[in-house]
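Positions are given from 1 along the sequence. The model shown is predicted, which means the values in this text are computed figures rather than measured ones.
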Amino acid sequence: MVQKREIEEQTVRGEEGVVALPRTIHLVPMDHIDGFDVRPGFYEINGATAIPGGVNFTVHSHGATGIELLLFKRTAVEPFAALRFPDRYRIGNVYSMIVFKLNIEEFEYAYRVEGPWDPKKGLLFDPNRYLLDPYARAVTGQSKWGAKSTPGMRYKARVVKDDFDWGSTERPLIPMEDLVIYELHVRGFTMHETSGVSHPGTFDGLREKIPYLKELGVNAVELMPIFEFDEMQDARVVDGQQLYNYWGYSTVSFFSPNTSYAAGIEYNREGNELKRLIQELNKNGIEVFLDVVFNHTAEGNEQGPFFSFKGFDNNIYYLLTPDGQYYNFSGCGNTLNCNHPIVHQMILDCLRYWVTTYRVNGFRFDLASILGRNEDGTPMNKPPLLQAMAFDPILGDVKLIAEAWDAGGLYQVGSFPAWNRWAEWNGRYRDDLRRYLKGDSGAAQAAAQRIIGSRDIYEVTTRKNASVNFITCHDGFTLYDLYAYNKKHNLANGWNNTDGSDDNRSWNCGVEGETDDPAVNALRLKMVRNAFAILMCSRGIPMFLAGDEFCNTQFGNNNAYCQDNLTSWLDWRLLEKNQEIFRFFQYMIKLRKEYRILRTNLSDGYYNFPDVSFHGVEPWHGTFGEHEHYVGVLFAGLNEEEKPEIVYVASNAYWEPLDITLPDLPRKLRWELLADTRQAEQTIRPLDGLRFSIAPRSVMVFAAKER
């Protein structure tokens, strides 16, 4: 039979929105399979796409000998139809088929893939397994957090309508040096009953907190993983407490939003709630970065689950040893074969999808060094995937941030393949500032380098804005816990306190954990202010962990990946209790925005000051010795209005007060104190002369002002 009506438009509009068709179909034969009218589909469109009159299904496999499309009634365990792709519907390794008269709101789908079974060669084709589409736009069975799957239930996918109205929403396009990044967990941010939102633990709950984010002053949020993951993976009970895969660093589907983060079930419009969140954040001048996990998947190792990539092309999607075992550079059982052309293309398609369909502003790549490994696991000189991301036109103004290490021992902070395009989580900033702030000997010189933008690591012209500075993040102590605990307290995780880092560079200020000692508590709050003041006065892009601004605690747990409870949830009662800390964070963010010299070099310097210079208790102190605990850093330059900006950051990590002399200024200028961490509230006041006393374990910030 021949379908007489021709499809001639390259772009057609249906109720699902605008669909771009890559080619014209003329007089294509119509077939009948299991009661459905079908015809060859659009081979260039991966996944399942609604088109006028039907649904286009496209999937590929290099090693398969045949593929079946399985159709399920919503929530059904077994399919109501199994449509085998006719051999003539295959071009190369791509299978594509249009199925007509399917109501996308009434079905879900999966695949069965036939092929050889030879584990030693990495071939795991099994026609009895139901497989999730690697390009699925929505995954079923995950929409209620913590709910156990129905026996026999497997991952299935839904067809998603892309009909969200972005209106005239414009992306903020904030310059890298102007960013202040706020890392948060979507569920944990509003899950506590004190959050005051209508939809706790969801995208909508976070959207309700946008006024708070604006009040704080941040202009970028970095969301911990929001790709579909299974919080029930490795779920267990420890001492009566239910533990989950809470953080979500174990991806099930790269193209699907985590439906359990939605306030309601969005049948066939999964993702609209996330899109509303991104739209509102962008409207309020806040960019959205996604923490993405392309280094491994939730399928694990040889003993792990088998639901998608293993069944399509196990030996392509994963790095395998010569005998078919899984390399484990991720520490999670398997490692994606990122520089294989198929996986390379999937990752690029994925990033483009999140940028074009969800308007995401940037990505932070978990264990990004894996993205530069070859198929034998060795590091590559110019990894094709990383280079392609750096130069991809769609990603041209998207921020790319690498966690420049992996669990296999590859550490690339300062040497990540960048093409002047990639920024890096600067782990050395975290480590060196933690050592310095708690008073370790021999830490002053490294701390000074970190404050001026880590010029010993990043060449100032070719790696400008490469350093993402942080002292805390999701992985490790909160900022309050950094000064309340000497050791990790992870017993609640169920691993006998063996998990999590033992190298925290923390200091409990004299008492382990909570205390009623007012002197200890006051010192802890000052240490929090010290850390944040230095962070806001450092060149590079600052990032801090949600809740640090009001001393949120994880009770000493430095690896709360499984804690879906008060350990990981923000306790908003602390915002009221620690208002002075919140106001200090506001003040320092505002100060950073006011003085551009703190964010970037404005010129080669001003007066007799270079762009950056180091100072000790006396001016012009080029290097710091083993036993020095005072660091003075001066930034100087002329702004766009040809007016000088000069800021001096004084930090005393010593346990005694010190008398300091500031560098001399031109006659028309004098020093003015902008910030002093001895005090909860900040008062700007002029300095009489060049001498001042800095208290033990304190930070002070001065600026040159006209007399």
Candidate pair D499 and N559, rule side-chain hydrogen bond (donor to acceptor under 3.5 Å, both in side chains), full reasoning: CA-CA 7 Å; D499 64 305; N559 187 36; 2.9 Å; yes
In terms of relative ring orientation, are F164 and W166 parallel, tilted or perpendicular, with 30° and 60° separating the classes? perpendicular
So, for V398 and V360, which heavy atoms are closest and what is the spacing to 0.1 Å? CG2-O, 4.3 Å
As an exercise, state the distance from CD1 of I452 to CG of D456, rounded to the nearest 0.5 Å. 7.5 Å
Partners of N328 by side chain to side chain contact (heavy atoms under 4.5 Å, CB included), sequence neighbours excluded? S330
Nearest-0.5 Å distance, OG1 of residue T478 to CG of residue N557: 10.5 Å
Tell me the salt bridge (charged side-chain N to carboxylate O under 4.0 Å, His left out) pairs involving residues 418-427, sequence neighbours left out? E424-R463
Considering all heavy atoms, the nearest L206-L223 contact: CD2-CD2, 3.9 Å
Residues 530-550 vs salt bridge (charged side-chain N to carboxylate O under 4.0 Å, His left out), sequence neighbours excluded, gives R539-D611
K214: which residues meet the salt bridge (Lys or Arg N to Asp or Glu O under 4.0 Å) condition with it, sequence neighbours left out? none
Might you work through the ring pair (Phe, Tyr, Trp, His ring centres under 6.0 Å) test for Y485 and H489, ending with a clear yes or no? CA-CA 9 Å; Y485 296 92; H489 294 262; 5.2 Å; yes
Residues forming a ring pair (Phe, Tyr, Trp, His ring centres under 6.0 Å) with Y561, sequence neighbours excluded: none
In chain order, what residues pass the side chain to side chain contact (heavy atoms under 4.5 Å, CB included) check against C350, with sequence neighbours excluded? F227, F254, F255, F294, W354
Salt-bridged, K399 to E287, with N to O below 4.0 Å? yes
Suppose the criterion is salt bridge (charged side-chain N to carboxylate O under 4.0 Å, His left out): which pairs have a residue in residues 343-372, not counting sequence neighbours? D291-R364, D349-R352, R352-D392, R364-D366, R364-E403
Pairs satisfying ring pair (Phe, Tyr, Trp, His ring centres under 6.0 Å), at least one member in residues 450-473, at least two apart: W425-F470
Gap between atom CZ of F477 and atom CZ of R505 - 0.5 Å precision: 13.0 Å
For D397, all residues meeting side chain to side chain contact (heavy atoms under 4.5 Å, CB included), sequence neighbours excluded: R171, L173
Any ion pair linking R207 and D204 (charged N to carboxylate O, less than 4.0 Å)? yes
Chi angles and distances behind the side-chain hydrogen bond (donor to acceptor under 3.5 Å, both in side chains) call for Y318, E299: CA-CA 10 Å; Y318 296 113; E299 287 190 304; 2.4 Å; yes
Is the shortest distance from a Lys or Arg side-chain nitrogen in D503 or R435 to a carboxylate oxygen in the other one below 4.0 Å? no
Please collect all ring pair (Phe, Tyr, Trp, His ring centres under 6.0 Å) contacts where either partner lies in residues 530-554, sequence neighbours excluded, each pair once. Y182-F544, F532-F544, F532-F585, F544-F585, F550-W572
Set of side-chain hydrogen bond (donor to acceptor under 3.5 Å, both in side chains) partners for T169, sequence neighbours left out: Q279
Candidate pair W247 and H185, rule ring pair (Phe, Tyr, Trp, His ring centres under 6.0 Å), full reasoning: CA-CA 7 Å; W247 279 354; H185 188 280; 8.3 Å; no
Is R158 close to R137 at the side-chain level, that is, under 4.5 Å between some pair of heavy atoms? no
Got a second to check how far L319's CG is from N337's CG, nearest 0.5 Å? 4.5 Å
If you define the side chain from C-beta out and look only at heavy atoms, does anything of L132 sit under 4.5 Å from F312? no
Does the side chain of W145 come within less than 4.5 Å of D564's, by heavy atoms? yes
For the pair D178 and K593, find out whether any cationic side-chain nitrogen is under 4.0 Å from an anionic carboxylate oxygen. no
Salt bridge E170-K283, side-chain N to carboxylate O under 4.0 Å: no
Those residues at least two apart in sequence (or on a different chain) that pass side chain to side chain contact (heavy atoms under 4.5 Å, CB included) with A407 are none
